Student: 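Dumping the structure here so I can ask a few things about it.
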Amino acid sequence: MQLFYGVPEDIEKWMSLVTQVRWNFPGLETQKKRHEHRATVLKFMGKRQAIGVKDENEIAGVMLFSQGHNMICCLAVAPEYRRRGVASMLMDEALSKLDRTQEISVSTFRADDEKGPAPRALYEKYGFVADELIEEFDYPNQKFVLHPIGAERKDRQLAINTMVREISSILSDCEPSIYMYGSSVLNDFRLGWSDLDILVLTSKQMTEEQAKMLVRLRQAMLADEPGNPYYRSFEGGMLTLDAFFLKKTDRVVYWGTSGERITDSYAFDSFGMAELTESSVLLYGRDIRKELKYPAFHELYADVKHHYETIRKYAQSTGRSFYSFGWMLDIARCIYTLRTGKLIAKTNAAEWAIENNICPDPDALRYALKTRRSPLEYKDNKETFDYAETLAEPIQRFANVLEKELKTHICE
């Protein structure tokens with residue numbers, strides 16, 4: 001068998017294979033859709049991003065890959081050539097042409113799909129890690145990612161996948177939907193500073209025993225893997241859909257920075273709702289995000305005002321903590337939200353505030369941004385925490401700017 005780069009003269013045999021396996025590929029069910037796919041293949045051939053494997057004059061397998069998006073787009077192997085190394089030949093060639101210093105992605109079938117085991121095993125063999133649940137052509141799929149060597153993101157995703165597996169196992173009879181939102185999905189997670197924000201919504205109330213197991217879960221996982229730096233970072237709530245949407249009391253498990261507990265309610269502010277609606281990822285279960293509405297401006301305004309009041313009350317003095325720098329980033333983000341009605345990552349908000357000369361103490365904001373970008377580099381730096389203790393006045397001056405913004409936007 002021989003690898004080849006597709007040219008227009010190959011299109012009939014190429015599409016013959018595609019037609020043969022079309023029932024395994026959502027988006028190829030009708031003649032019209034296959035005609036559209038044919039045009040796509042020809043475009044990829046023109047860019048030398050369509051490869052195949054031939055056995056004499058027969059095409060045994062085909063693949064489309066995109067260098068522009070650094071992804072594998074389509075992989076198909078004729079039934080009689082499966083388990084004969086065809087897919088591996090295609091994968092080896094595609095990966096040699098894609099940028100291994102960046103994430104490489106592919107979409108494939110979910111774990112509970114009968115078509116899933118073979119392609120998922122192939123991608124896992126090459127080091128791809130299961131990521132968010134998605135839909136393509138109205139069909140449930142899952143994103144897989146090949147991370148660069150040594151990428152922190154890979155270790156984090158493996159920890160997320162383990163946590164999701166444990167939670168979904170405990171709540172298996174409650175039909176959980178599990179979401180990740182916040183800094184991790186906004187590409188702003190910083191190990192040593194950031195949290196892993198998680199939300200679990202169930203179709204029915206969990207039992208007391210299930211709640212107790214979830215309360216103990218973070219500690220149990222840390223006991224099994226004491227060197228894992230991620231399990232202690234998970235924070236969020238676990239409750240029923242009704243309790244979440246209608247704000248009813250419920251049996252709720254809460255994980256926070258200071259501990260975990262069973263309670264009867266879980267407050268989700270407009271910032272969290274905006275992130276859940278606009279940028280969260282589904283990790284398990286049924287997706288209910290279409291039922292959500294992005295918060296109205298008055299809701300965002302109310303929560304910005306609450307942040308402002310908290311800053312005025314609790315940031316009159318600062319301690320030797322990264323969270324002292326966090327006040328500066330929070331203010332920048334609040335001002336951005338008031339001006340745009342949108343949310344962005346805290347790092348991006350600080351960069352935006354510096355670029356637009358919004359902060360009266362730009363050096364303090366730059367220092368906060370520097371520590372935010374590399375907290376592990378500064379975690380034992382005495383000078384950093386000496387400086388953190390001096391931030392109260394810069395924070396309050398920046399809060400003055402936020403106060404003016406609140407007055408400017410009060411009628412909107």
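Values in this document were obtained by computation on a predicted structure and should not be read as measured data. All residue numbers in this chain count up from 1 along the given sequence.
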Student: Does this structure show an ion pair linking D113 with K115, if we count only N-O contacts that are shorter than 4.0 Å?
Tutor: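 K115 and D113: salt-bridged.
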Student: Side chains of T240 and K248: any donor to acceptor distance under 3.5 Å?
Tutor: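 On atom types as modelled, these side chains do not qualify, holding no pair under 3.5 Å.
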Student: Less than 3.5 Å apart, which donor and acceptor atoms pair up between the side chains of residues 66-80 and the rest of the protein, not counting sequence neighbours?
Tutor:
from, atom 1, to, atom 2, distance (Å)
S66, OG, G68, N, 3.4
S66, OG, H69, N, 3.0
S66, OG, H69, ND1, 3.3
Q67, OE1, Q49, NE2, 3.2
Q67, NE2, K97, O, 3.1
N70, OD1, D99, N, 2.9
N70, ND2, D99, O, 3.1
N70, ND2, E103, O, 2.9

Student: Got a second to check how far L28's CG is from T19's OG1, nearest 0.5 Å?
Tutor: 8.5 Å
Student: So E152 and Y230, side chain to side chain contact (heavy atoms under 4.5 Å, CB included) or not? Walk me through it.
Tutor: CA-CA 11 Å; E152 178 273 329; Y230 296 102; 2.8 Å; yes
Student: Donor-acceptor check, side chain of S270 to backbone of E299, threshold 3.5 angstrom: yes or no?
Tutor: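 Checking the backbone N and O of E299 against the side chain of S270, a donor-acceptor pair under 3.5 Å is found.
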Student: Counting neighbours of OH on Y139 that are heavy atoms of other residues, nucleotides or ligands and sit closer than 6.0 Å, is the number greater than 12?
Tutor: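 Yes, OH of Y139 has more than 12 neighbouring heavy atoms, counting only those of other groups under 6.0 Å.
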Student: Could you tell me if S107 and E136 have a donor-acceptor pair between their side chains, going purely by distance under 3.5 Å?
Tutor: yes
Student: Would the distance check show the side chain of T202 and the main-chain N or O of E175 forming a donor-acceptor pair, the cut-off being under 3.5 Å?
Tutor: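 Not confirmed, T202 side chain does not pair with E175 backbone.
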Student: Under 3.5 Å, side chain of S169 to main-chain N/O of E166, donor-acceptor pair present?
Tutor: no
Student: Mind checking ring pair (Phe, Tyr, Trp, His ring centres under 6.0 Å) for F271 and listing every partner two or more places apart, or none if nothing turns up?
Tutor: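 In terms of ring pair (Phe, Tyr, Trp, His ring centres under 6.0 Å), with neighbours along the sequence ignored, F271 is linked to H307.
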Student: Is the CD atom of E309 crowded by more than 12 outside heavy atoms at less than 6.0 Å?
Tutor: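 Above 12, so yes.
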Student: Here's one to test your reading of the geometry: is the NZ or CZ of R48 within 45 degrees of the ring axis of Y5 and under 6.0 Å from its centre?
Tutor: yes
Student: Show the numbers, then the answer: is there a salt bridge (Lys or Arg N to Asp or Glu O under 4.0 Å) between R289 and E135?
Tutor: CA-CA 13 Å; R289 287 176 294 182; E135 286 194 3; over 6 Å; no
Student: Hydrogens and angles aside, do Y387 and N381 bring a side-chain donor and acceptor to less than 3.5 Å of each other?
Tutor: no
Student: Which heavy atom of A151 sits nearest to which heavy atom of H147, and what is that distance?
Tutor: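 The pair with the smallest heavy-atom distance is CB-CB, 4.0 Å.
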Student: Keeping the roles fixed (side chain from S279, backbone from E275), state whether a donor-acceptor pair exists under 3.5 Å.
Tutor: yes
Student: For D188, does its backbone N or O pair with a side-chain atom of R372 as donor and acceptor, under 3.5 Å?
Tutor: yes
Student: Could you tell me how the ring of Y336 sits relative to the ring of W352: parallel (under 30°), tilted (30 to 60°) or perpendicular (over 60°)?
Tutor: perpendicular
Student: Under 6.0 Å from the ring centre and within 45 degrees of the ring axis: does the NZ or CZ of K342 meet both conditions for the six-membered ring of Y294?
Tutor: yes
Student: With side chain to side chain contact (heavy atoms under 4.5 Å, CB included) as the test, would you mind laying out the steps for C359 and M328 before giving the verdict?
Tutor: CA-CA 9 Å; C359 181; M328 299 291 291; 3.8 Å; yes
Student: Does any donor atom in the side chain of Q205 or D242 lie under 3.5 Å from an acceptor atom in the other side chain?
Tutor: no
Student: How are the rings of F297 and H409 set to each other: parallel, tilted or perpendicular (split at 30° and 60°)?
Tutor: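 Rings of F297 and H409: tilted, 30 to 60°.
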Student: Does the side chain of E260 come under 3.5 Å of the side chain of Y254 through a donor N or O and an acceptor N or O?
Tutor: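 Checked: E260/Y254 side chains show no N/O donor-acceptor pair below 3.5 Å.
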Student: Have a look at F322 and tell me which of Y367, Y378, W327, F385 forms a ring pair (Phe, Tyr, Trp, His ring centres under 6.0 Å) with it.
Tutor: F385
Student: Anything under 30° is parallel, anything over 60° is perpendicular, the rest tilted; go ahead and classify W193 against Y323.
Tutor: perpendicular
Student: Other residues, nucleotides and ligands only: do more than 12 of their heavy atoms fall within 6.0 Å of CE on M15?
Tutor: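 Atom CE in M15 is packed in, count exceeds 12.
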Student: Hydrogens and angles aside, do D250 and Y266 bring a side-chain donor and acceptor to less than 3.5 Å of each other?
Tutor: no
Student: Take atom NZ of K154 as the centre, draw a 6.0 Å sphere, and report whether it contains more than 12 heavy atoms from other residues, nucleotides or ligands.
Tutor: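 No, because the 6.0 Å sphere around NZ of K154 holds 12 heavy atoms or fewer from other groups.
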Student: Does the side chain of Q219 pick up a donor-acceptor pair with the side chain of R216 at under 3.5 Å?
Tutor: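 Q219 vs R216: no donor-acceptor pair found between side chains.
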Student: Is it the case that over 12 heavy atoms from other parts of the model lie below 6.0 angstrom from the CG atom of D138?
Tutor: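 It does not: D138 CG has 12 such atoms or fewer within range.
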Student: Dump the intermediate steps for side chain to side chain contact (heavy atoms under 4.5 Å, CB included) on E351 and I344, then the final yes or no.
Tutor: CA-CA 11 Å; E351 292 169 344; I344 56 173; over 6 Å; no
Student: Distance check, rounded to the nearest 0.5 Å: S177 atom OG versus L241 atom CG?
Tutor: 6.5 Å
Student: Check each of D155, V145, N161 against V129 using the side-chain contact (heavy atoms from CB on, under 4.5 Å) test, and report the only one that passes.
Tutor: N161
Student: Can you list the steps and then say if F144 with F128 is a ring pair (Phe, Tyr, Trp, His ring centres under 6.0 Å)?
Tutor: CA-CA 6 Å; F144 270 59; F128 283 76; 7.2 Å; no
Student: Distance only, no hydrogens: is a donor on one side chain within 3.5 Å (strictly under) of an acceptor on the other, for S324 and E389?
Tutor: no
Student: Before you tell me yes or no, could you show the steps for T207 and K212 under side-chain hydrogen bond (donor to acceptor under 3.5 Å, both in side chains), namely the whole-Å CA-CA distance, both residues' side-chain angles and the distance that decides it to 0.1 Å?
Tutor: CA-CA 9 Å; T207 65; K212 289 179 179 178; over 6 Å; no
Student: Is it true that the NZ or CZ of K47 lies under 6.0 Å from the centre of F44's six-membered ring and within 45 degrees of the ring axis?
Tutor: yes
Student: Decide side chain to side chain contact (heavy atoms under 4.5 Å, CB included) for Y179 and I198; before the verdict, give the C-alpha distance in whole Å, the side-chain angles of both, and the deciding distance to 0.1 Å.
Tutor: CA-CA 6 Å; Y179 299 89; I198 194 168; over 6 Å; no
